[in-house]
Amino acid sequence: MKYTRPRGTHDITPLEIARWQRVEHTFQRAFERYGYRGIRTPIFESTDLFVRAVGAQSDIVTKEMYTFTDRGGRSLTLRPENTASVIRAYLENGMHRWGGIQRLCYEGPMFRYDRPQAGRYRQFHQVGAEAIGSASPALDVEIIQLVVEALRELGFTSVDVRVNSVGTEASRVRYRQVLLDAIESRRADLTEDALARYRHNPLRIFDAKEYSAAFKEQLPRISDYLVDDDRVHFDGVQNMLASVAVPFTHDVQLVRGLDYYTRTVFEVYGGERSAQSALCGGGRYDTLVAECGGPDTPAIGMSAGLERIVEALPATSRTPEEVGPHYYVVCAGADAEARALQAARILREFGSVELDVSGRSVKTQLEAAGKKKARVAVVVDAAGPEVAYHDLAARTDAKVGFAALREFALQSKK
RNA sequence: GUGGGUGUAGCUCAGCUGGUUAGAGCCCCGGAUUGUGGAUCCGGUUGUCGCGGGUUCGAGUCCCGUCAUCCACCCCA
């Protein structure tokens, strides 16, 4: 093999495209029902945008970006996520002056230079939504509800929603110091490396699997240190989730790796928990718009990993049934191809047509029609006045005058 | 970035402690039979045994390196 795909990328072949499209369409329909409108942003942006939005110290920025310099000397980066781009586009297109809440949804490839693993790719695909312009907890609930609904429609029966609040800056300043003190008091249990990391971002310690659940249990919880406004917001989210019957658990250890999150953060799982099993993640980012140079504008977003959803799709909803062409046009000899094209054109008015131009024997072509699961095989020869019309599904054969083919197909279709 | 597993025909794999011309099933191609539907029978093609080096009289088999892939850590979708 002379060329192979770059590491961490994958091809989606016709064998799996039906499943992909099913997942994409299900999310698109859910977005529509909830009033989210599509937006598409460039696949690369100024490197600065991601550094500012995602966080200069975040893992994504420090070691996972595909960054390159173009011929004009600009530093550009293949998008590792889409929220930053959407906010940039929101501001650049003056959408903050369109009034009201902007509900936007997207779909497309993202890029992170990570070591490939089950459910983890260097080019992967996300669908996502951003609701910009309201701090209401109802909006948090709406977006979680949307995801849960889409996943259920795809056949996931036990959708597991984890929510937490990481608070606003006011809460975090308070909490950060308390957590840091707790970590320092346990420094004997930590490696130098870890200590340095957690001094920078103490919340991250909850992500570290090297420490036992029991150890983390003993650490102070951010939910106990939320300022009143944050507390009220989070209570609102939980109460309303309950009122719309979205089952969830408050995961006190849930934190997220992107720096822009404030208040509500959440992750959604489709069933069994394993290493890379989060199907969807998201949260509120009330300060990002302002940080990008816009007016003070609260917002919340989510994104779902298509690869993970497609791979975890319940067996019952995999729709493996391959549908063959409606008509299979067989050429009796190579000189029949011109008339076969004419026949195919007529038949396409009534259904999909596959034209066999292999030059093989009629019998072999008919066999191929069966293998392809065609419903009708039509044999055309170079000059004869009739074509042979084999209804493979009904097991009936007929001779049909070439001129009467359209009428015959129309009648058969009824 | 760290650790472990794997790498033999298009696909799934076999190949014992290194030994002569590298195999099976499926797929594919051709033929036969059946008034022709993925049926049955017969026949056939396909491999630089991931790549590079080393040990050896001899390497698919052992060693080193490299690449790819899978799994876990890390991180996240």
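Hydrogens, waters and symmetry mates are skipped; everything else that's a heavy atom, side chains included, is used.
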[atom1] gap between [N] and [M], integer Å:
N	M	atom1	value
rC11(B)	rC75(B)	P	36 Å
rC13(B)	rG7(B)	C1'	13 Å
rU46(B)	rA9(B)	C1'	6 Å
rG38(B)	rA59(B)	P	49 Å
rG5(B)	rC28(B)	P	38 Å
rG52(B)	rG43(B)	C1'	40 Å
rU12(B)	rG50(B)	P	15 Å
rG54(B)	rU61(B)	P	14 Å

Among residues at least two apart in sequence or on other chains, which ones pass side chain to side chain contact (heavy atoms under 4.5 Å, CB included) with Arg345(A)?
none
N or O in side chain of Lys363(A) less than 4.0 angstrom from rG35(B) OP1/OP2
no
Is the closest basic N to carboxylate O distance between Arg74(A) and Asp70(A) below 4.0 Å?
yes
Main-chain N/O of [Y] paired with [X] side-chain donor or acceptor, under 3.5 Å:
X	Y	value
Thr67(A)	Thr77(A)	no
Glu81(A)	Ala84(A)	yes
Arg52(A)	Glu291(A)	yes
Arg79(A)	Thr41(A)	yes

If pairing requires Watson-Crick or G-U wobble contacts with both distances under 3.5 Å, which nucleotide is the partner of [N]?
N	answer
rU48(B)	none
rC29(B)	rG43(B)
rU61(B)	none
rA24(B)	rU12(B)
rC76(B)	none
rU69(B)	rG5(B)

Say whether Gln365(A) and Ser358(A), considering side chains only, have a donor N or O and an acceptor N or O under 3.5 Å apart.
no
Please check if any side-chain donor atom of Arg263(A) sits under 3.5 Å from a side-chain acceptor atom of Ser165(A), or the reverse.
no
Pick base, sugar-phosphate or nothing for [X], based on heavy-atom distances below 4.0 Å to the nucleic acid.
X	result
Leu279(A)	sugar-phosphate
Gly119(A)	base
Thr364(A)	sugar-phosphate
Arg360(A)	sugar-phosphate
Gln365(A)	nothing

Protein and nucleotides 66-70 of chain B: nitrogen or oxygen contacts under 3.5 angstrom:
from, atom 1, to, atom 2, distance (Å)
rU69(B), OP2, Arg7(A), NE, 2.8

Could you state the [atom1]-[atom2] distance from [X] to [N], rounded to the nearest angstrom?
X	N	atom1	atom2	value
Leu254(A)	rC76(B)	CG	P	11 Å
Tyr113(A)	rG1(B)	OH	C1'	10 Å
Glu367(A)	rC27(B)	CD	P	12 Å
His10(A)	rA77(B)	NE2	P	16 Å
Leu392(A)	rG35(B)	CG	P	17 Å
Arg375(A)	rG38(B)	CZ	C1'	16 Å
Leu366(A)	rG35(B)	CG	C1'	12 Å
Lys372(A)	rC28(B)	NZ	P	10 Å

Taking the side chain of [X] as heavy atoms from C-beta outward, which of [options] is closest to it?
X	options	answer
Arg112(A)	rC28(B), rU36(B), rC76(B)	rC76(B)
His390(A)	rG37(B), rG30(B), rG38(B)	rG37(B)
Lys63(A)	rC74(B), rG30(B), rG38(B)	rC74(B)

Met95(A) and Leu104(A): CA distance, side-chain angles, deciding distance, side chain to side chain contact (heavy atoms under 4.5 Å, CB included) verdict:
CA-CA 11 Å; Met95(A) 295 173 73; Leu104(A) 305 169; 3.6 Å; yes
Closest-nucleotide 5' rank along RNA chain B - winner of His125(A) and Val362(A)
Val362(A)
Salt bridge (Lys or Arg N to Asp or Glu O under 4.0 Å) partners of residues 350-359 of chain A, not counting sequence neighbours, each pair once
Glu354(A)-Lys372(A), Asp356(A)-Arg360(A)
